[in-house]
Protein chains: 2
Amino acid sequence: MGNSRVTVREIARLAGVSVATVSRVSNGTGQVSEEMRRRVLDAIEKYGYRPDHLGRALAARRHGALGLVFPGLSGPYFTELIQGFESEAVPARASVHILCTHLREDSDDQVLEMARRVDGVAVVGGTISDPALLRLAEMVPVVVLAGRGPETVPSVSVDNAPAMARLTRHLLVDHGLRDLAFVGNPDGSPDVSERWAGFRDAYRELDLDPPAEPVRVAMQQPDGVLAAERLLTGGAAPQAVVCANDEIALGVLVGALGRGLRVPEDLVITGFDDAPMAALVAPPLTTVRQPIRDLAAEAARSILTAVDAPGAAAPDSIVLPTEFVVRRSCGCPAESPTGGTGK
Amino acid sequence: MGNSRVTVREIARLAGVSVATVSRVSNGTGQVSEEMRRRVLDAIEKYGYRPDHLGRALAARRHGALGLVFPGLSGPYFTELIQGFESEAVPARASVHILCTHLREDSDDQVLEMARRVDGVAVVGGTISDPALLRLAEMVPVVVLAGRGPETVPSVSVDNAPAMARLTRHLLVDHGLRDLAFVGNPDGSPDVSERWAGFRDAYRELDLDPPAEPVRVAMQQPDGVLAAERLLTGGAAPQAVVCANDEIALGVLVGALGRGLRVPEDLVITGFDDAPMAALVAPPLTTVRQPIRDLAAEAARSILTAVDAPGAAAPDSIVLPTEFVVRRSCGCPAESPTGGTGK
DNA sequence: TTGAAAGCGATACCAA
DNA sequence: TTGGTATCGCTTTCAA
């Protein structure tokens with residue numbers, strides 16, 4: 001593990017200058033004569049000097065790192081999330097720490113521990129408790145990603161409820177369906193909770209009684225298969241299955257097709273997210289497009305800003321728009337009109 | 001951002017002791033009298049002191065962080081990978097830095113930059129160049145995850161080639177199939193390259209001519225759909241599609257089913273990984289089970305060990321076994337014998 | 001057992 | 001323009 005052993009002091013000695021000068025040259029700050037600069041640059045080059053991150057961070061009292069906390073789910077959603085976050089962090093020369101709280105007990109503590117190693121944190125909605133969020137917020141800038149925290153903590157999310165209400169209304173009104181099942185666990189995340197609320201809102205707006213309970217499963221394809229099992233076995237299959245995300249919907253689709261049902265003729269299925277597969281399955285999925293990358297990028301940007309402006313007030317929470325995407329799985333004809341916006 | 005402002009020195013002053021004593025108490029090192037300890041503990045408690053990570057890291061010349069570098073693909077594979085890695089890192093009090101090199105140009109540089117911020121790095125095979133890997137290895141302990149690097153860099157991988165040969169032989173011999181297509185890009189990752197090699201080996205062992213070219217696509221479900229399009233449109237559809245992973249296989253399955261083909265009657269499809277969905281689709285997927293979490297955990301462990309023993313020789317590369325999982329999609333009857341091991 | 005002081009590696013202020 | 005030096009927050013000899 002050779003080279004990185006060389007420090008400013010060594011370079012200073014080797015180049016016959018002071019450490020201050022080396023620092024100036026290596027950072028491009030201050031005024032340095034051409035001759036000094038050459039001498040220093042040569043030494044730096046020759047001995048392969050690269051400033052140590054820790055020394056620099058300690059002096060600057062800044063880690064140059066951002067934290068991203070999520071439950072640990074899989075799927076295209078989190079990939080997009082991570083990449084969107086990185087797309088802002090990397091150019092800002094901030095490294096990204098991740099923490100999958102998964103099902104761990106001590107996740108609150110771990111998040112707090114992470115806060116000591118980064119300049120700011122984005123927490124995916126529903127992963128840690130509100131008290132922990134509050135304590136976190138008094139240590140570093142925090143933003144809740146896809147969800148909302150306590151009043152004082154800014155958040156970045158999408159218009160889940162109206163979007164889901166819009167989709168549900170389409171099924172209720174345009175297709176005249178009445179018996180819809182909602183699949184997803186509202187207690188699992190704010191996103192799902194809001195979508196479930198929007199789903200029920202659509203019923204109420206039409207003076208209809210919404211289902212009392214959702215089919216509570218997690219957010220991945222296998223969970224959709226599981227939901228299909230529960231819903232399609234035995235007597236009362238619904239007319240349509242409204243899923244909390246596309247992955248569940250894909251699972252339900254697989255389950256339905258596997259049982260010999262025709263979609264959408266025998267069963268309507270809808271998703272949420274507009275994941276890449278949504279347009280590729282047969283039939284293509286009617287869903288709601290959600291700007292996941294933008295969401296995460298916005299979160300990163302928001303934190304970065306807060307880090308740079310320590311005094312400033314917490315940024316406002318922002319809500320990004322979604323887009324209703326009508327395809328075949330809801331029963332619309334292939335050449336359906338392209339849907340309106342989420343509102 | 002209140003409390004974290006309190007330092008050892010403050011606590012020392014407040015408790016009327018030296019900073020050395022505070023440090024000893026807060027780390028539980030050295031001998032401290034009961035009275036001192038109480039005084040210090042009280043002050044720590046009262047002012048909410050928590051040692052600063054940077055100060056501590058600088059003094060210890062250790063970051064307390066591990067890096068994980070991957071291409072940025074999605075899907076269950078990487079989720080498992082991250083979680084397996086974390087499962088070892090977190091208990092060791094090491095935070096996890098991630099870097100998705102994705103399609104970025106400067107990924108070699110970014111990995112090198114990451115190396116300055118962590119104590120060791122795991123690099124998923126195929127994400128950065130060998131020269132970069134070598135330079136990385138002289139800065140920090142490195143292990144290649146799912147693949148192999150230059151001779152001197154240890155790696156953790158599975159027996160891809162034999163496993164894929166085993167599966168292919170099953171198709172060739174037990175099912176008497178001859179016209180198989182391989183889907184996946186051997187240039188994309190060592191894993192795929194080895195699987196492609198194993199696929200061809202199986203043919204040669206039987207004195208058969210293997211296909212000259214694979215169907216080159218990426219590793220996600222949509223890529224499988226794409227492959228199905230290429231393979232099943234026009235004249236010469238193969239008898240079987242051997243996929244580089246389950247996600248591709250799922251995509252191919254969706255594509256095949258969408259075209260009205262029956263699987264496995266009209267088309268045999270196999271996967272690799274044994275992802276959760278593999279057992280849940282209809283028909284369930286014949287595949288190769290791969291211990292992804294173990295793989296990543298092993299990598300983390302290996303790095304952690306190397307970090308603790310700076311002098312020691314690089315650990316050996318290790319190869320984990322896989323398991324052949326026979327299900328319906330290869331044409332075996334539902335109650336098929338459970339397959340043997342990968343060897 | 002306790003404390004003073006010397007680092008760890010880099011930045012930045014203040015003089016010169 | 002340059003250099004000396006204090007500082008960032010903590011750990012760890014080395015004496016007392």
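These values consider heavy atoms only, across backbone and side chains, with no hydrogens, waters or symmetry-generated copies. We name chains A, B, ... by the order of the sequence lines, and we start the count at 1 in each one.
Proximity of Asn27(A) to the phosphate of dT11(C): a side-chain N or O atom is located under 4.0 Å from OP1 or OP2. Contact annotation: Ser33(A) side-chain N/O to dT2(D) OP1/OP2 distance is under 4.0 Å. Between Thr7(A) and dG9(C) there is no side-chain polar atom (N or O) within less than 4.0 angstrom of OP1 or OP2. When the side-chain nitrogen and oxygen atoms of Tyr49(A) are compared with OP1 and OP2 of dA10(C), one or more of them lie within a distance under 4.0 Å.
Asp130(A) CG: more than 12 foreign heavy atoms inside a 6.0 Å radius.
Listed by chain and number, the residues in a salt bridge (charged side-chain N to carboxylate O under 4.0 Å, His left out) with Arg9(B) amount to none (sequence neighbours excluded).
Separating the CE atom of Met36(B) from the C1' atom of dT1(C) is a distance of 9 Å, rounded to the nearest angstrom. Here the P atom of nucleotide dA12(C) and the CZ atom of Arg56(A) are 10 Å apart, to the nearest Å. Remark: P of dG7(C) and CG of Leu54(A) are 19 Å apart, rounded to the nearest angstrom. Summarising the geometry, the separation between NE2 on His63(B) and P on dA10(C) is reported as 11 Å, rounded to the nearest angstrom. Distance CZ (Arg9(A)) to C1' (dA10(C)): 8 Å, rounded to an integer number of Å. The CZ atom of Arg24(A) sits 10 Å away from the P atom of dC13(C) (whole-angstrom rounding). Nucleotide dG9(C) holds its P atom 13 Å from the CD1 atom of Ile11(A), rounded to whole Å. Atom-to-atom, CG of Asp52(A) to C1' of dC8(D) comes out at 13 Å; the value is rounded to the nearest Å.
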Can you check salt bridge (Lys or Arg N to Asp or Glu O under 4.0 Å) on Arg38(B) and Asp42(B), steps first, answer last?
-> CA-CA 6 Å; Arg38(B) 270 256 61 80; Asp42(B) 286 350; 3.2 Å; yes
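Side-chain atoms of Arg61(B) and base atoms of dG9(C) include no donor and acceptor less than 3.5 Å apart.
Both Glu35(B) and Leu58(B) lie near DNA chain C, and the one whose nearest nucleotide falls closer to the 5' end is Glu35(B).
A salt bridge between Asp294(B) and Arg301(B) is absent, with no side-chain N of the basic residue lying under 4.0 Å from a carboxylate O of the acidic one.
Val32(A) comes within 4.0 angstrom of the backbone, heavy atoms only, and of no base. Contact annotation for Val19(A): base contact, defined as any heavy-atom pair under 4.0 Å involving a base atom. Counting any heavy atom pair closer than 4.0 Å across all strands shown, Val17(A) reaches sugar-phosphate atoms only and no base atom. Using a 4.0 Å heavy-atom distance criterion, Ala60(B) is classed as making no nucleic acid contact. In this structure, Thr21(B) reaches the sugar-phosphate backbone alone: every heavy-atom distance under 4.0 Å involves primed, P, OP1 or OP2 atoms, never a base.
Using modelled atom types and a 3.5 Å distance limit, the side chains of Thr29(B) and Arg24(B) yield no donor-acceptor pair.
Listed nucleotides: dT12(D), dT2(C), dG4(D). Nearest to the side chain of Ala20(A): dG4(D).
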